[in-house]
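Everything on this sheet refers to the single structure shown next.
Numbered from 1 within each chain, the chains take letters A, B, ... in sequence-line order.
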Amino acid sequence: MLKRTHSCQALRPGNIGETVVLAGWVNTYRDHSKALVFIDLRDREGLTQIVFDTADVPTEVVEAAQGLRREDVIAVRGTVRERGGGANPKLATGEIEVLASELEILNKAETPPILPDDHEAEKMNEEIRLKNRYLDLRRPKMQRILETRSRVAQFTRAFFHDRNFLEIETPLLIKSTPEGARDFVVPSRLEAGDWYALPQSPQLFKQILMIAGCERYIQLPKCLRDEDPRADRQAEFTQIDLEMSFVDRDDVLETMGGFAAALWQEMLGVDVGEIPRMTWREAMETYGIDRPDLRFGLEISDISDLAAKTEFGVFTSALEKKSPMGSGVVKAFRVPGGAERLTRKMTDGYSEWIKLFGAGGVPTTKCNGEGFESGVARFVEPIADELMERLGCEKGDTVFFTADTWEVATKAIGELRIKVARDLELIDEDAWKFVWVVDFPMFELDVESNRWVALHHPFTAPNPGQEGLLETDPGNCISAGYDLVCNGSEIGGGSIRIHRPEVQQKVFDLIGLTPEEAEMKFGFLLRALKHGAPPHGGIAFGLDRLIMHLVGTDNIRDVIAFPKTQSGGDLMIDAPGPIDDEQMKELHVRTVPTS
RNA sequence: GGGGCGGUAGCUCAAUUGGUUAGAGUACCGGCCUGUCACGCCGGUGGUUGCGGGUUCGAGUCCCGUCCGCCUCGCCA
């Protein structure tokens with residue numbers, strides 16, 4: 001076999017005259033006659049044009065080259081020379097070509113079902129790409145994504161290694177725990193009727209590692225959650241997971257903010273600056289979401305007090321609603337220049353669309369500089385001046401309202417804010433807006449069971465000084481949790497953990513775990529906490545989402561080499577699939593038809 | 001579990017109101033071409049219209065069911 005001397009990206013005019021060997025796949029062939037054939041040879045790095053010319057090499061070689069087809073695997077020996085027909089500015093190697101003297105066909109390829117061309121893939125049915133993933137991954141774009149992912153992993157390990165973190169592996173076969181996402185489970189062969197669960201994250205193991213005196217832990221673990229996928233969510237995904245002992249919240253935020261900034265600098269040459277912090281309350285009130293996109297304005301205001309002065313039934317009946325978060329609210333934001341840019345069709349559309357989020361509609365009006373006209377103008381007439389003042393309205397603005405319980409109105413208007421920004425292209429696509437969201441509530445009330453549910457997870461500590469509220473007013477207890485948000489997408493979250501067993505026991509009580517259940521599910525943690533648990537905290541970043549940002553895709557499947565479909569299938573290997581009766585028997589399981 | 005969109009040649013798509021033998025580009029095969037570069041020109045092969053029923057003289061088109069893919073609500077401590 002001819003051994004290659006250079007990659008298909010390596011050769012430049014400086015190599016002219018050298019004898020080289022290249023190997024790769026036939027990207028395109030252009031045969032001009034029996035006497036002249038061009039091949040663009042592709043490897044992981046790039047493309048190089050090979051020319052077969054009877055003027056310079058034996059006829060047999062050129063004839064063999066004439067039979068080459070796309071995706072054949074070949075090696076070529078030849079001489080680097082300046083291109084006879086002029087440079088191709090589209091190629092990095094476009095100033096040179098390799099005049100072939102020897103051709104070795106390493107493997108003929110059947111006609112490929114899809115071609116690894118970026119320009120083809122853009123419009124290709126994703127199903128067919130996933131079925132033929134080995135061909136799809138040959139595309140330059142996919143190769144670049146895989147390379148980016150590898151570089152990020154390398155950078156991450158080096159960054160934390162330099163800061164004295166230990167990379168420690170945690171088990172995949174663990175046990176199912178209550179709350180959280182649905183577990184993937186694995187039947188035990190040796191213990192009939194018992195099941196392992198695959199980890200949703202290494203959460204408890206990394207806390208145990210802190211108790212075990214490891215002080216600083218890092219891992220890039222696979223995490224598995226058996227929930228329905230989304231464009232930015234897979235059942236199987238990877239985290240950058242870490243935990244630190246003897247730290248408070250600021251220590252973790254500084255470490256991870258520094259990491260994010262260093263990563264963006266390394267990968268994109270972007271200076272993200274000091275990452276600001278925002279409380280959860282502020283995020284919810286001003287942006288209607290706990291992961292605010294700060295690349296655009298359209299800030300939301302609460303106008304409940306003004307709405308109470310109107311006789312608009314939509315407002316007044318909403319204000320009378322009750323929910324765990326208190327009385328109903330009326331919220332509003334103004335769209336500068338919206339009167340001109342938002343059509344009636346669009347605003348009507350929003351009223352329909354908003355029902356997805358449980359709101360009844362989107363009352364709308366326009367500001368004419370003096371007051372309001374059209375839409376719900378006559379209802380807000382009594383509060384026109386105050387409303388203009390509150391929202392900072394100017395002539396030509398459109399104002400959108402939502403009115404409902406705090407939960408519904410807040411979420412609905414937050415989603416509307418994003419939709420309007422997208423529709424009007426108000427989002428600066430080149431911006432990087434990071435923000436730490438902090439001071440989450442410890443719990444939210446689940447109305448159905450009338451029980452507290454941990455907003456983050458039940459190992460999250462209350463903020464310093466808040467512990468007393470666990471006893472007196474859990475609903476107002478603020479946690480030491482934090483999320484890092486980038487351009488409206490949550491890329492990581494974590495918390496300072498509970499390190500005192502009595503506090504952990506109290507939180508288990510509050511979320512309705514009996515002492516017996518707590519012992520059965522988390523006894524190991526409670527025992528460990530009693531044997532000298534240091535104060536500790538940590539965070540996990542979603543590696544896949546990080547890569548999505550770095551390579552500029554909104555499809556998580558693009559950044560995973562072998563992703564799964566919306567129904568959890570792998571189209572290439574056709575998983576999941578049945579197992580033998582013998583396997584079932586060994587595992588003590590049997591399937592029953594669902595009714 | 002709910003809602004929406006889609007499935008026609010290897011690939012990307014078209015096919016009037018239900019109406020002749022389901023077309024085009026590309027790929028593939030054959031021929032031609034000595035400077036192309038997503039080469040070009042000429043000719044050709046290629047179809048279980050996702051699958052199963054139904055309505056009809058006649059179904060890619062209409063109806064019912066089902067499978068698959070994507071987006072989304074719920075879900076995702």
Mind checking the [atom1] distance from [N] to [M]? Whole angstroms is fine.
N     : M     : atom1 : answer
B/G50 : B/G60 : P     : 10 Å
B/A59 : B/C64 : C1'   : 15 Å
B/A15 : B/G23 : C1'   : 7 Å
B/A24 : B/G69 : C1'   : 25 Å
B/C75 : B/U66 : P     : 26 Å
B/G74 : B/A38 : C1'   : 45 Å
B/G25 : B/G6  : P     : 26 Å

A/K411 side chain, from C-beta outward: closest of B/A38, B/C37, B/G74: B/G74
A/R225, nearest nucleotide to its side chain (from B/G74, B/G69, B/C76): B/C76
Sugar-phosphate only, base, or nothing, as touched by A/L47 at under 4.0 Å among non-hydrogen atoms: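 Here A/L47 touches no strand at all.
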Sugar-phosphate only, base, or nothing, as touched by A/P458 at under 4.0 Å among non-hydrogen atoms: base
Ionic contact status for [Y] with [X], cut-off 4.0 Å:
X      : Y      : value
A/R281 : A/D439 : no
A/K206 : A/D241 : yes
A/D404 : A/K321 : yes

Quick one: do the [X] and [Y] side chains pair a donor with an acceptor below 3.5 Å?
X      : Y      : answer
A/T460 : A/S495 : yes
A/D544 : A/Q234 : no
A/Q219 : A/Y217 : yes

Close aromatic pair by centroid cut-off 6.0 Å: A/F522 and A/F459: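 Yes, the ring centres sit under 6.0 Å apart.
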A/W195 six-ring centre to A/K175 NZ/CZ under 6.0 Å and within 45° of normal: no
Establish, with yes or no, whether the OP1 or OP2 oxygen of [N] is under 4.0 angstrom from a side-chain nitrogen or oxygen of [X].
X      : N     : value
A/S567 : B/G69 : yes
A/R69  : B/C29 : yes
A/R557 : B/C71 : yes

Near-strand residues of residues 491-515 of chain A, defined as heavy-atom separation under 4.0 angstrom from RNA chain B: none
Interface residues of residues 26-33 of chain A with RNA chain B (non-hydrogen, below 4.0 angstrom):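 Heavy-atom contacts with RNA chain B come from A/T28, A/Y29, A/R30, A/D31, A/H32, A/S33.
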Partners meeting side-chain hydrogen bond (donor to acceptor under 3.5 Å, both in side chains) with A/R133 (sequence neighbours left out):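 With neighbours one apart ignored, the set is A/D136.
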For B/G43, the Watson-Crick or wobble partner whose two distances fall under 3.5 Å: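 Because both required distances fall under 3.5 Å, B/G43 counts as paired with B/C29.
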